[in-house]
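Here the structure comes first, spelled out in structure tokens, and everything after it is commentary.
All values below come from the heavy atoms of this structure, side chains included, with hydrogens, waters and symmetry mates left out. Chain letters run A, B, ... following the sequence lines, proteins first, then strands; residues in each count from 1.
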Amino acid sequence: MPAYATNMRFKFPIVALTLEIITIILFAVFAVYDDGKGHGHDSHSNDTHHEEPPMKLYPMFQDVHVMIFIGFGFLMTFLKRYGFSSVGVNLLLAAFGLQWGLLMQGIWHLDNGKIKVNIFKMINADFSTATVLISFGAVLGKTSPVQLLIMTILEITIFSINEHLVASTLKASDVGASMIIHAYGAYFGLAVARVLYRPGLRDGHDNEGSVYHSDLFAMIGTVFLWMFWPSFNSAIAETPETQLNAVINTYLSLAACVLSAYAISSLVEHKGKLDMVGQLFPLIFTVTLFQEFKTKTNERTLAGGVAVGTCADMNIEPFGAMVIGFVAGIISTLGFKYLTPILASNLGIQDTCGVHNLHGMPGILGGLAGIVAVALGKKEGGEAAMQAAALASSLGFALVGGAVTGLIMKLPFWGQPPDQNCFDDSIYWEVPEEEDENEESLAHADHSKNKAEA
Amino acid sequence: MPAYATNMRFKFPIVALTLEIITIILFAVFAVYDDGKGHGHDSHSNDTHHEEPPMKLYPMFQDVHVMIFIGFGFLMTFLKRYGFSSVGVNLLLAAFGLQWGLLMQGIWHLDNGKIKVNIFKMINADFSTATVLISFGAVLGKTSPVQLLIMTILEITIFSINEHLVASTLKASDVGASMIIHAYGAYFGLAVARVLYRPGLRDGHDNEGSVYHSDLFAMIGTVFLWMFWPSFNSAIAETPETQLNAVINTYLSLAACVLSAYAISSLVEHKGKLDMVGQLFPLIFTVTLFQEFKTKTNERTLAGGVAVGTCADMNIEPFGAMVIGFVAGIISTLGFKYLTPILASNLGIQDTCGVHNLHGMPGILGGLAGIVAVALGKKEGGEAAMQAAALASSLGFALVGGAVTGLIMKLPFWGQPPDQNCFDDSIYWEVPEEEDENEESLAHADHSKNKAEA
Amino acid sequence: MPAYATNMRFKFPIVALTLEIITIILFAVFAVYDDGKGHGHDSHSNDTHHEEPPMKLYPMFQDVHVMIFIGFGFLMTFLKRYGFSSVGVNLLLAAFGLQWGLLMQGIWHLDNGKIKVNIFKMINADFSTATVLISFGAVLGKTSPVQLLIMTILEITIFSINEHLVASTLKASDVGASMIIHAYGAYFGLAVARVLYRPGLRDGHDNEGSVYHSDLFAMIGTVFLWMFWPSFNSAIAETPETQLNAVINTYLSLAACVLSAYAISSLVEHKGKLDMVGQLFPLIFTVTLFQEFKTKTNERTLAGGVAVGTCADMNIEPFGAMVIGFVAGIISTLGFKYLTPILASNLGIQDTCGVHNLHGMPGILGGLAGIVAVALGKKEGGEAAMQAAALASSLGFALVGGAVTGLIMKLPFWGQPPDQNCFDDSIYWEVPEEEDENEESLAHADHSKNKAEA
């Protein structure tokens with residue numbers, strides 16, 4: 001059956017090698033080391049970092065890197081037979097995505113026709129990669145590596161167009177993270193999932209669950225994401241003081257979220273038990289909502305002209321961060337329990353990791369909060385409209401871009417797995433034979449059979 | 001049977017949400033961002049850090065954070081069916097503990113009526129949390145999340161009283177770590193374990209062992225603790241030079257400890273084999289003893305007036321650190337092998353992770369060493385007595401506080417597990433079904449049965 | 001059978017304790033804390049770091065430390081029944097190796113008769129330890145802890161002689177890493193493996209494979225190695241600018257390598273599938289090749305006199321780094337697939353982890369590139385010859401030293417495992433009983449037997 005020709009011997013190498021060769025050629029044309037000198041016409045606020053020691057951001061960069069490769073990678077190992085794909089394909093997509101993101105983001109800010117690679121840009125490349133890994137969560141288990149590479153290149157390309165539009169044309173860049181990473185990544189992935197809808201999986205799939213140790217592997221990812229999120233939110237803050245506030249806000253919000261997520265999980269689950277998977281995700285959720293605070297904090301800094309007095313209320317203070325984390329834990333746990341199943345059954349969106357709760361809703365909330373914040377805090381008329389336009393732009397690019405990408409991914413020659421092979425590593429990976437203790441038990445069973453027959 | 005009503009549907013959410021809401025209210029009243037300005041009347045030595053860049057300690061903080069959440073969390077996954085609780089409850093307790101610790105430690109050092117949150121205080125909050133995680137090791141597998149939350153709030157509250165007494169009233173703060181964290185945490189936990197003694201577990205429990213992969217998960221925690229302990233011991237050192245010495249001492253001591261712990265393990269174990277679990281803990285042990293060196297080193301710095309000549313012998317030099325690590329590895333391995341079983345059988349203290357060896361004994365040793373060091377190195381009479389008072393205070397608060405806490409935890413409505421459900425995640429967690437390969441083997445066995453019957 | 005007296009009760013403790021006691025005595029004689037003052041006659045370029053804040057390199061050090069203990073340790077857990085040894089013996093060897101390395105490297109650069117321990121020297125000690133861990137990969141599963149401790153002390157001792165010869169006598173130190181760490185470690189290990197050749201394992205061994213979760217544990221090691229390699233390559237760079245370039249080169253090369261390694265794996269594996277183990281190693285490989293770039297980059301800095309114009313081609317630029325990574329991914333995947341089996345069958349070298357592909361070949365390539373680079377870029381005659389001599393020295397010390405070490409290790413009283421117990425933790429470790437779910441299935445099978453018999 002040609003639609004399910006899942007042998008990747010030629011498809012995958014051709015696509016992967018072609019993409020990498022194109023990327024290397026583009027790097028040869030555009031990329032140079034950042035020498036720390038001159039910045040041409042580009043007055044983008046990012047450049048304020050250039051006077052600093054070139055390695056200053058490196059520890060923050062490595063924290064973010066751990067989140068991308070260990071955090072996202074192991075978070076998705078909760079599926080019982082999809083760990084190789086979760087970690088291995090996560091590595092593949094992120095390794096390609098960061099190269100492509102460096103190019104796509106850099107292309108809008110050329111300095112004498114060159115992209116000057118530095119740690120700041122490497123952090124931003126990791127951020128662009130995060131959009132793809134969010135979308136990956138929605139289609140996890142139901143797509144081939146070839147399909148996902150295609151998604152990566154399209155999603156990051158469209159991302160960088162939207163980012164540029166939001167930041168440079170609409171001048172609404174600061175509120176970015178929640179809209180341009182989280183809402184964009186989530187709705188892009190959901191649009192792809194909608195186009196790739198599989199009626200055959202309406203009633204679930206045997207492999208779409210976890211086993212004891214797969215959940216423990218997933219905890220490795222979750223805990224690293226949880227611990228390092230303050231770095232993610234503060235890495236590119238403008239001043240050390242702003243950076244400290246972003247760290248404190250994220251740290252306290254995450255701590256408060258743990259309590260409420262666990263409490264609500266116990267309240268709604270069977271016999272008051274805690275649910276490992278149902279708690280993994282709320283912990284991540286709160287974090288996404290945090291993009292908004294970072295935003296607000298940065299905004300205050302950037303909006304220099306705005307009197308501190310008139311927008312003091314925008315300073316959320318530590319307890320404000322905790323309230324948001326607390327509420328986020330509640331919303332996300334409930335969403336994971338009640339909303340994800342509804343999305344699947346009513347809208348035909350099979351969202352493997354529940355990215356709608358994790359990134360979609362909080363992303364939109366962050367965007368709305370940004371509109372309100374700007375409307376209240378700024379004098380000049382029209383800017384709130386720009387914020388609204390930025391949210392609409394992000395959602396529009398996500399939904400249209402995701403739908404188109406989904407249609408391209410649906411073409412029958414990309415090796416999409418048939419329903420029965422979903423959520424199963426062995427279709428794309430050499431999977432080792434069963435555990436030897438199991439072989440022993442099989443042998444034992446055989447032995448008992450023989451004995452019984454005798 | 002009401003004493004074992006382990007359904008947590010209402011108990012846990014009520015306790016968790018109530019604690020978090022109270023905490024948020026207290027943060028609203030007391031906590032603000034540290035703006036780096038003025039420090040009021042508080043002349044605590046910690047404030048010498050305030051003139052530094054606000055993010056300077058951040059990489060150290062993240063190392064300590066990894067130790068608390070990955071290190072302690074995964075260290076305790078060695079039990080075969082208690083991994084969700086080890087990592088998940090560790091996260092719950094630490095997330096609550098760090099918030100409560102920030103409040104309780106901050107309340108003694110208010111600046112214009114406010115707690116100014118900064119990275120230095122966040123590191124100290126992680127330290128206060130460590131006391132709870134030490135005690136958690138003693139009662140691991142035999143307590144409900146509700147009981148443990150109660151333990152957390154009481155233990156950190158009493159901890160901060162003792163810390164204040166030791167540091168500000170007795171002026172013996174420097175020798176702190178070994179007494180106020182390790183000895184305190186250990187004896188608090190042992191007192192709780194004594195009160196919660198279970199005669200039914202006198203002969204062990206089927207689940208109180210490890211399986212192959214659970215030991216490997218535990219190695220993740222062990223190795224991260226081992227690697228980052230130099231950060232733990234040096235994070236809040238006063239000067240870069242002191243910090244370097246603390247790093248070198250800890251690093252060398254840990255390295256020497258590995259050799260002696262492995263050697264002694266091989267000497268005392270069955271057929272000269274190495275014991276994974278029996279070695280995990282000694283590696284951690286040495287580290288606790290190190291609090292003492294940090295102490296001594298800091299002391300030299302702080303005790304400014306003391307002539308370098310008269311206390312040169314207090315500078316332990318690299319080889320001194322190695323000797324201590326070497327001896328610590330021997331003591332702890334022997335203690336784990338011979339002392340833990342005696343404690344259980346003779347004193348009725350069922351110490352799941354052997355925290356007496358790991359934290360109790362070295363904590364007391366550190367305290368005694370501090371008394372001797374002060375007696376030899378300082379001129380002013382009476383201070384050694386203060387050191388002794390500090391040790392007595394720490395042990396007193398631990399034993400009395402732990403016993404009272406244990407009595408409160410023993411109240412029948414906190415969902416304590418019955419003996420047969422100890423060391424088993426499935427009483428509090430939704431545990432996924434058995435591994436599919438196992439299902440296959442069961443199917444196979446069934447098949448053989450059918451065949452045999454036919 | 002005396003040749004296989006694998007009980008380590010006395011052998012191991014005696015060897016381990018003796019080595020550690022000797023080490024501590026040597027530290028007592030030679031090691032002091034670095035006070036940052038004066039550096040005597042030693043004009044080694046490393047000393048340019050001394051004017052910097054003592055803790056500046058600490059975050060880089062911890063990244064390298066994570067690579068040594070988590071990276072190498074978990075990388076080798078891919079074997080189904082050798083995880084305890086992989087992580088546990090890795091910890092043992094590295095903990096001893098870093099102490100011995102500090103001594104052996106320091107002995108050549110005494111400052112007033114003392115080794116002044118600082119973070120820079122600790123990073124170098126981790127590097128010297130890496131040579132042992134590379135060799136460990138070649139003999140993994142076929143050697144006892146006692147044999148490996150002997151290998152550690154001999155390999156690091158010989159390493160430091162060769163390093164000193166290459167750096168100080170031949171003045172070819174910069175090209176070091178690829179030759180003196182990677183090529184040296186690989187060929188040393190291969191020589192040991194050749195001497196310890198086991199005809200009985202010619203056709204493989206039941207335990208010489210992976211299981212599902214063992215491959216996931218190995219991914220933890222792989223991903224940490226992959227992420228932090230930029231730290232490894234840049235940690236001891238001379239200037240922040242050089243450091244940035246080394247980071248960017250390594251980061252981009254690693255990213256490009258992922259794509260080509262996955263693509264080639266899919267091309268050559270059964271049914272176009274990806275191979276987890278076959279990809280783990282290429283990812284590491286590329287990284288080793290990188291030592292060469294670091295080299296070149298440093299060289300440019302050091303070779304001050306060389307006009308930038310004449311050697312501009314030595315500046316590889318970002319795309320150059322990607323090309324090397326891309327090619328390295330291809331070579332290594334093919335080597336792992338086709339060359340490792342040939343080595344085993346034709347040359348009698350049983351190279352468990354394929355270190356020849358990973359470190360041997362790229363190390364030699366790096367050495368050759370160094371010769372060419374120096375020949376083209378430097379005016380003074382004779383230096384290319386020195387480079388060639390350095391490569392020859394490294395290979396010579398590795399092969400002769402490895403062979404002699406192998407012969408010592410082959411002595412019958414070190415507890416080497418018999419063929420049938422290779423790749424099996426249970427010969428040296430207390431291994432917990434089988435997983436309980438398995439016991440259940442056994443019980444079930446027994447039950448079916450009983451029923452059938454009835």
Side-chain angles (χ1 to χ4, degrees), chain A residues 59 63 80-81 206-207 209-216 219-220 223-224 226-228 231 240-241 243-245 247-248 251-252 254-256 258-260 262-264 266-267 269-276 278-279 283 317-319 322-323 326 434-435 438 441-442 445-446 448-449 452-453, chain B residues 7-10 12-13 16-17 19-20 23-25 27-28 31-36 53-55 58-59 62 65-66 69-70 73 77 83-84 87-88 91-92 95-96 98-99 117-119 122 145 213 217 220 428-438 440-441 444-445 448-449 451-452:
Chain A
D63 288 355
K80 71 179 94 168
R81 279 285 147 189
D206 280 353
N207 281 337
S210 58
V211 292
Y212 195 75
H213 282 160
S214 71
D215 271 346
L216 274 177
M219 280 304 280
I220 298 173
V223 176
F224 272 108
W226 190 90
M227 290 187 303
F228 287 160
S231 303
E241 290 72 28
Q243 202 165 33
L244 177 66
N245 286 11
V247 163
I248 292 172
Y251 160 87
L252 288 173
L254 285 164
V258 171
L259 277 282
S260 62
Y262 274 56
I264 301 304
S266 168
L267 204 58
E269 291 294 335
H270 179 66
K271 287 194 185 169
K273 290 184 182 181
L274 300 166
D275 180 23
M276 200 75 168
Q279 271 158 28
L283 297 179
E317 293 297 335
F319 87 94
M322 294 163 81
V323 169
F326 186 79
E434 298 305 309
E435 312 243 349
N438 194 47
S441 78
L442 286 171
D446 275 340
S448 73
K449 187 190 80 175
E453 285 175 334
Chain B
N7 186 321
M8 300 197 301
R9 173 148 304 163
F10 299 106
F12 178 76
L17 295 176
L19 290 180
E20 184 60 40
T23 304
I24 292 178
I25 293 170
F27 266 80
V32 294
Y33 307 111
D34 186 1
D35 54 7
M55 293 294 289
Y58 187 74
Q62 279 296 7
H65 225 42
V66 170
F69 290 92
I70 291 282
T77 56
F84 288 15
V87 181
L91 176 60
L92 174 71
F96 178 66
L98 62 88
Q99 298 174 64
V117 182
N118 57 26
I119 308 289
M122 286 157 62
H213 282 160
F217 279 111
I220 298 173
Y428 300 120
W429 295 85
E430 296 281 351
V431 173
E433 290 163 35
E434 298 305 308
E435 312 243 349
D436 52 356
E437 63 261 53
N438 195 47
E440 282 169 30
S441 78
H444 196 90
S448 74
K449 186 190 80 174
K451 248 184 146 170

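Only the side chain of B/Ile220 comes within contact range of chain A, with at least one heavy atom under 4.5 Å from a heavy atom of that chain. Of the atoms belonging to A/Asp206, not a single heavy atom falls under 4.5 Å from chain B.
Between chain B and the options A/Ile248, A/Asp63, A/Val223, A/Leu252, heavy-atom pairs under 4.5 Å are most frequent for A/Ile248. For the set B/Ile119, B/Ile25, B/Ile70, the count of heavy-atom pairs under 4.5 angstrom toward chain A peaks at B/Ile70. When B/Leu17, B/Ile24, B/Leu19 are compared by the number of non-hydrogen pairs under 4.5 Å with chain A, B/Ile24 comes out ahead.
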Begin with the C-alpha distance, continue with both residues' side-chain angles, and end with the deciding distance and a verdict on side-chain hydrogen bond (donor to acceptor under 3.5 Å, both in side chains) for A/Ser266 and B/Tyr428. CA-CA 9 Å; A/Ser266 168; B/Tyr428 300 120; over 6 Å; no
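In terms of the ring pair (Phe, Tyr, Trp, His ring centres under 6.0 Å) criterion, residue partners of A/Tyr251 (sequence neighbours excluded) are, by chain and number, B/Phe61, B/His65. Scored by the side chain to side chain contact (heavy atoms under 4.5 Å, CB included) test, B/Thr23 finds A/Met322, B/Phe27, B/Phe96, B/Gln99, B/Trp100, B/Leu103 as partners (sequence neighbours excluded).
Using a 4.5 Å heavy-atom threshold, the side chains of B/Leu92 and A/Val258 count as touching.
Within the 6.0 Å centre-distance limit, the rings of A/Tyr212 and B/Phe84 are counted as a close aromatic pair.
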